[in-house]
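Input: a single structure, listed below in structure tokens.
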Amino acid sequence: MNLRKPSYDYQNIEKKWAKKWQDSHLYEVDIQNAKKPFYNLWMFPYPSGAKMHVGHAFASTGSDIIGRYKRMQGYDVFQPMGFDAFGIHGENYAIKVNEHPWHLMEKLSDEFRDTQFKRIGHGIDWSKELRTYWPSYYKWTQWIFIKLYENGLAEQKKAKVNWCPSCKTVLADEQVIGGECERCGTQVEKRELEQWFFKITKFADKLLKNLNHIDWSKRIVEAQRNWIGKKEGIEITYDVVRNSKPGVSDESENSPQGEEKIGKVVCFTTRPDTNFGATFVVLAPEHDLVKKILSGEIKVYDEDSKNSELIEQIKKYVTEAINKSDVERLAEGKKKTGAFTGLYAVNQLTGYRMPLWISDFVLGDYGTGAVVGVPAHDTRDFEFAKEFGLEIIRVVKSADDSDGGSADDDGEITDISQVQEDEGVMINSGFLNGMNIQDAIEKMKDYLEEKGWGKRVVTFRLRDWSISRQRYWGAPIPVVYCDKCGTVPVPEEDLPVELPFVDEWKPSGDGKGPLANIPEFVNTTCPKCGAPAKRETDTFDNFLDSAWYFFRYPFVNREDVPFATPSLEKSDDSEPNSEAFKKWLPVTLYLGGPEHAVLHLMYTRFITMAFEEIGLIDFDEPFERFVAHGHITMGGKKMSKSLGNIVIPDDYMNEIGADALRMYLMFLGPLESAGDFNDDGISGITKFLDRVWNLMHDSAKSQSDKSSEKVLKKLHKTIKGVSEDIENFKYNTAISKLMELVNVWNEKSESLTLVDSVKFLKLLAPFAPFITEEIYQEIVVEAGNYDVVEKDCLSRRNVKQKDASEKVLQSNELVSSSSLNSAKLSSSLDSPNSLNSSDTSDSSKSLTSNDVLDDGNNNVTDTTENVSTEFISIHVQCWPEYDKSLIAENFMSIPVQINGKVKRVLKNIPVDIEEEDLKSLALKEVQDLIVGKDVVKVIYVKDRLISVVVR
RNA sequence: GGGCGAGUGGCGGAACUGGCAGACGCGCGAGACUUAAAAUCUCGUUCCCUUUACGGGAGUGUGGGUUCGAGUCCCACCUCGCCCACCA
């Protein structure tokens, strides 16, 4: 790495202020008494690798900048941080490096926090840190499960679920990407297991409806809408018969000879309009009717020998199909497989006896698990019909006859390219003939309902959320199974059900979690009747840990409640209570990656709705605003371990400093689309920081008696522009505006007063917190200029500073009491090999330690012992305001177009010129260009341009 | 196959509701300072034509359209990225 470094001593400056901010508790928020709360949340990271990478640095800096800006605007900005270190991602990494997840996660989280996050200059309130694997946290995760269970939102059922053979656990639908495990990329299999589910489908409609009004990045809203997948269709019930034959029976009312009605089959379709063209019905291999055929409950043929032969074939097909993984099914491409049942379904519209098939392209858990095949107007049906020689009947033709009704149009369909799916006019469809598809759909639905053959229904793609995991590293599901009492949730006073610290923690793959092998854990007594009972041995999906963490942050020090709301409030009013809850939640702004669109973000919405339904809270959406950031790429590709193109920010912080790294990352592109990491451009940033340093240390430039007009105007335009850009997360253009200002300021004759120079410094502060603090302390605080520089906002700040020094004492107490608490929590639990209590208290202690910031190179004088000393940081001063009169221009230049092309530019035009005067000026200007032509009209776009139209 | 987004100099990227395309930065070129290099500073830098000032022409993925005027709006297409996907 050979980068242009800043020429000032950024290393020591950054070290010094990181420590000072920490010691003075600058970013700690008084949750209880805050006046203008702004809950600025960034998705907490999960340490699934040794170091946080540059993507984390990029996104968290994006969150920090708006937080710093809001803080300077006088908001009480709460910017908490924690680690999502419980669960499969961390455990997989622990397996890889062969360390116990408890030690590993503690170590990695500490490192993320102390060597990376604290160094990069974020305004984080570390006194509210949480980690999802701390018993003091997961106690409440378990509590939430019990609340949902008590309110009928959690249930246990046997279900065919996604099984990852590599991670050796079940996965939720959302965690299977293209048939592969979200974590490790292994092909997912299907297994039938007894699992716990959260009934997210109960809120399907609400989850969808709220999407219309929540202020979230559009792409996330669309992704969720698709994932929920609401479809309005109809369920059509067909009679199932045996001893029949395919095709239209002559006597559709009376059965053909020997035909015998033996049951019904219900098919879901969104396209009943094409039902005159339905020629077969396909069942999913899991369908009830298939089970009945296999069990012999339904006989296909009278003769036993023929029957059992058929059953053998069906059994063979079904067994293969069920055991196939999704990827294997897809790998076979569009080639359809299937088995004929020997039965027929009767199409009431036509009397057509539709052969009843079984095929794995029909999904058992969507719709009714049965589809009616219209091969002429559905590509999948067409492929199936072609494969098995089923009849294809056209019932839709192209709507426009302009191509002269070519043979292609209403003739026989022989090729997949002729299959019309979306638009056209009905033919061969009795009373629907001549109608367009949309009208025909409605008409047919009415007709089928009238006849009693069908029923309008709404289906959703969304499935219930499977939360059981057969893994060690997660919160145990707090349930006990008793022979007498059945399923009994663990009572609140017995929580947490602690995860025992064991040596044998790796997954075994037998469908049970490692906890099942620990008798001391499994064997317990029933909380209800006291009889011997067994514990549930699965653990929670880690997405449950993160589904509610933002509720916990403000209340992380409360032991008695997960968070305080009127319904949960107990006695203690000295710590954040339900009044505080109202101030801080829902979260003001949430920033995170779009890859969580249908995972984490859907779950947080579900949990919030569940809390509301239970009566814990009175709102139903977790975040007032959600902004999805883009991803930093490397050579146009996503950064990933497999590509080996991961960039670690530490090297850059060493080389160019945190300020320069922050600014460089933000300069790459807009936050919401990000950019490609290529360190070629870094010198532009370090050069800029040097210029700032030099300007601010050149008193002729930055402490002039009077600000020169040109740069003063530029300053005020910049104040306006930077403020707007930050509000819109366009940090890249905000930085370019700061650069423009510096370029003007650098001109020979340009200078600013101290007050104006500091205004610029403040604009830079959210982007480069260290250098701006250093300069501010030097030329404002230490030089005794504070009262002069901040005279416009002294009144506000005086109050603020006072609050802060009171708060300092309070939060010191909170920190020490929380370390005691978590130590107490884990040691008081007497499960076998209980998590070592010293581990926990050590980690809590490191919460306030400065080891890393105080490394060997210590020429920082420690004047910060006495925390009550007032510390006047630039980061809590007023954000500058611009002066409208200084932004207004007296003169403008107006381009003159002839027939839309710019030909001349009128310069130094007074802004208050009369339109007519300006027009004649313009015509005079272009006189030579329009001789001999008629001026048709002259258009004046106010303050923009003049357009002359000639002929 | 479906959804979303994006295609602008050598590069990253600017351009509010249609109104001087290429801000800012990198890179590159020239110059100043220096014994020299680095650093720094100044000037230039979309392409083409004109020896040049002046000037002219073309130009925002492709082809059409609307408009006095289109990177921006409409239609068709191409390419790339991300997400979802045998979802009836």
Side-chain angles (χ1 to χ4, degrees), chain A residues 4 7 174 177-179 217-223 225-227 229 231 233 267-271 282 284 326 329-330 332-336 359-363 365-374 378-381 383-384 421 459-463 594-595 597-598 630-631 633 636-638 663-664 667-670 672-673 675-685 687-688 690-691 694 724 728 730 732-740 742-743 746 748 893-905 936-951:
Chain A
R4 185 200 182 278
S7 52
E174 291 83 353
I177 315 290
S217 291
K218 195 187 155 202
R219 52 183 159 156
I220 305 298
V221 169
E222 284 311 310
R225 195 168 274 141
N226 291 337
W227 186 261
K231 289 253 172 82
C267 297
F268 174 77
T269 179
T270 56
R271 293 295 305 280
V282 191
D326 287 352
R329 286 191 190 186
L330 284 174
E332 288 166 4
K334 294 279 185 185
K335 177 144 170 67
K336 295 286 182 287
S359 175
D360 62 11
F361 84 84
V362 178
L363 307 176
D365 53 359
Y366 183 79
T368 58
V371 262
V372 54
V374 183
D378 181 289
T379 49
R380 275 167 317 155
D381 293 352
E383 286 157 3
F384 192 78
E421 293 188 293
T459 61
F460 292 92
R461 212 192 88 109
L462 185 71
R463 305 295 153 74
E595 68 276 17
V598 296
H631 284 291
T633 55
K637 292 200 166 67
K638 230 176 170 173
M663 289 195 72
Y664 175 65
F667 195 56
L668 282 175
E672 293 184 64
S673 52
D676 200 58
F677 191 90
N678 174 345
D679 57 25
D680 287 350
I682 283 181
S683 65
I685 297 292
K687 232 183 261 180
F688 167 77
D690 276 348
R691 279 180 194 158
N694 293 336
E724 287 167 359
N728 293 313
K730 291 166 79 174
N732 55 333
T733 51
I735 292 170
S736 76
K737 286 180 174 92
L738 292 168
M739 288 172 167
E740 283 183 59
V742 163
N743 289 346
N746 241 336
K748 239 184 202 156
S893 65
I894 296 288
V896 184
Q897 292 186 341
I898 295 175
N899 290 347
K901 295 216 183 255
V902 176
K903 293 292 178 183
R904 298 281 155 80
V905 178
V936 180
K937 58 178 161 177
V938 180
I939 299 160
Y940 173 52
V941 183
K942 182 137 176 56
D943 301 341
R944 291 324 264 264
L945 56 57
I946 286 185
S947 185
V948 181
V949 187
V950 297
R951 204 172 277 145

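This is a predicted model, so every value here is computed, not measured. Order of the sequence lines sets the chain letters (A, B, ...), proteins ahead of strands, with each chain counted from 1.
By the 4.5 Å heavy-atom criterion applied to side chains, A/Asn743 and A/Arg691 are counted as neighbours. For the pair A/Gln897/A/Val941, no side-chain contact is recorded, criterion being any heavy-atom separation below 4.5 Å from C-beta on. Proximity of A/Val938 to A/Val949: side-chain heavy atoms (C-beta onward) are nowhere separated by under 4.5 Å. Contact check for A/Ile735 versus A/Phe688: no side-chain heavy atoms found under the 4.5 Å cut-off. Side-chain contact between A/Asp378 and A/Glu383 is absent, with no heavy-atom pair separated by less than 4.5 Å. Contact check for A/Lys336 versus A/Arg380: side-chain heavy atoms found under the 4.5 Å cut-off. Looking at A/Cys267 and A/Val371, their side chains never come closer than 4.5 Å, going by heavy atoms from C-beta outward. Side-chain contact between A/Phe268 and A/Thr270 is present, with at least one heavy-atom pair separated by less than 4.5 Å.
Taking the P atoms as reference points, B/G1 lies 13 Å from B/C77, given to the whole Å. Straight-line distance between the C1' atoms of B/U66 and B/C75: roughly 11 Å, to the nearest whole Å. As rounded to the nearest Å, B/G63 and B/G27 have C1' atoms that lie 35 Å from one another. With C1' as the reference atom, B/G59 and B/C47 are 8 Å apart, rounded to whole Å. Separation of the C1' atoms belonging to B/C24 and B/G64 is 36 Å when rounded to the nearest angstrom. To the nearest whole angstrom, the two P atoms, one in B/A15 and one in B/U72, are 15 Å apart. Atom C1' of B/A76 sits at a distance of 40 Å from the matching atom of B/C28, rounded to the whole Å. Nucleotides B/G7 and B/U17, compared at atom P, are 15 Å apart to the nearest Å.
One N or O donor and one acceptor, one from the side chain of A/Ser893 and one from the base of B/C20, sit under 3.5 Å apart. Residue-to-nucleotide contacts include no donor-acceptor pair under 3.5 Å from the side chain of A/Lys218 to the base of B/C4.
Contact check, A/Lys730 against B/A15: a side-chain N or O comes under 4.0 Å of OP1 or OP2. Under 4.0 angstrom from either OP1 or OP2 of B/U40 there lies no side-chain N or O belonging to A/Arg691. Within the structure, every side-chain polar atom (N or O) of A/Lys942 is placed at least 4.0 Å from both OP1 and OP2 of B/G19. Under 4.0 angstrom from either OP1 or OP2 of B/A38 there lies no side-chain N or O belonging to A/Arg4.
Summarising the geometry, the separation between CE on A/Met663 and C1' on B/G12 is reported as 15 Å, rounded to the nearest angstrom. Put simply, CZ on A/Arg225 is 14 Å from P on B/G3, counting in whole angstrom units. Between the CG atom of A/Asn899 and the C1' atom of B/G57 there is a distance of 17 Å, given to the nearest Å. Taking atom CG of residue A/Asp676 and atom P of nucleotide B/G7, one finds them 16 Å apart after rounding to whole Å. For the pair A/Asp680 CG and B/C11 P, the interatomic distance rounds to 13 Å; values are reported in whole Å. Atom CD of A/Glu672 is separated from atom C1' of B/A6 by 14 Å (rounded to the nearest Å). Atom pair A/Phe361:CZ and B/G1:P shows a separation of 18 Å (rounding to whole Å applied). The distance between atom CG of A/Asp943 and atom P of B/U17, rounded to the nearest whole Å, is 18 Å.
The side chain of A/Phe667 sits closest to B/G12 out of B/G12, B/C87, B/G19. Side-chain proximity of A/Asn226 to the nucleotides B/G3, B/C26, B/C86 is greatest for B/G3. The side chain of A/Leu668 approaches B/G12 more closely than any other nucleotide in the set B/C26, B/G12, B/C86. Nearest nucleotide to the side chain of A/Arg463, out of B/G25, B/C68, B/C87: B/C87. For A/Lys687, whose side chain is taken as the heavy atoms from C-beta onward, the closest listed nucleotide among B/U40, B/C87, B/A14 is B/U40. Closest contact between the side chain of A/Asn732 and the listed nucleotides B/A14, B/G25, B/A58 involves B/A14. You'll find that the side chain of A/Glu222 is closest to B/G3, out of B/G3, B/C26, B/A23. Of the candidates B/C86, B/G5, B/C20, B/C20 carries the atom nearest the A/Val902 side chain, counting heavy atoms from C-beta on. Listed candidates were B/C84, B/G19, B/U40. Nearest to the side chain of A/Trp227 is B/C84.
Residue A/Glu740 is in sugar-phosphate contact alone, with no base atom involved, counting any heavy-atom pair closer than 4.0 Å across all strands shown. As judged by a 4.0 angstrom heavy-atom cut-off over every strand, A/Thr269 is placed among residues touching the sugar-phosphate backbone only. In this structure, A/Pro594 reaches neither bases nor backbone, as no heavy-atom distance under 4.0 Å exists between it and the strands shown. Residue contacts for A/Asn743: at a heavy-atom cut-off of 4.0 Å it reaches the sugar-phosphate backbone alone, with no base atom in range. Among the protein residues, A/Arg461 comes within range of the nucleic acid bases, having at least one heavy atom under 4.0 Å from a base atom.
Glycosidic conformation at B/G25 (O4'-C1'-N9-C4 for purines, O4'-C1'-N1-C2 for pyrimidines): anti, more than 90° from 0.
Mapping A/Gly675 and A/Thr270 onto RNA chain B by nearest heavy atom places A/Gly675 closer to the 5' end of the strand. Comparing A/Asp365 and A/Lys903 along RNA chain B, the residue whose closest nucleotide (by nearest heavy atom) sits nearer the 5' end is A/Lys903.
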Secondary structure of RNA chain B in dot-bracket form (Watson-Crick or G-U wobble, distances below 3.5 Å, | marking inter-strand pairs): (((((((..(((......[....)))((((((.......))))))((((.....))))..(((((..]....))))))))))))....
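The side-chain contact (heavy atoms from CB on, under 4.5 Å) test with A/Lys903 is passed by exactly one of A/Val948, A/Val896, A/Ile898: A/Ile898.
Remark: A/Glu222 CD to A/Arg219 CZ distance equals 12.5 Å, nearest 0.5 Å.
Between A/Arg4 and A/Asp690 there is a salt bridge, since a side-chain N of the basic residue sits under 4.0 Å from a carboxylate O of the acidic one.
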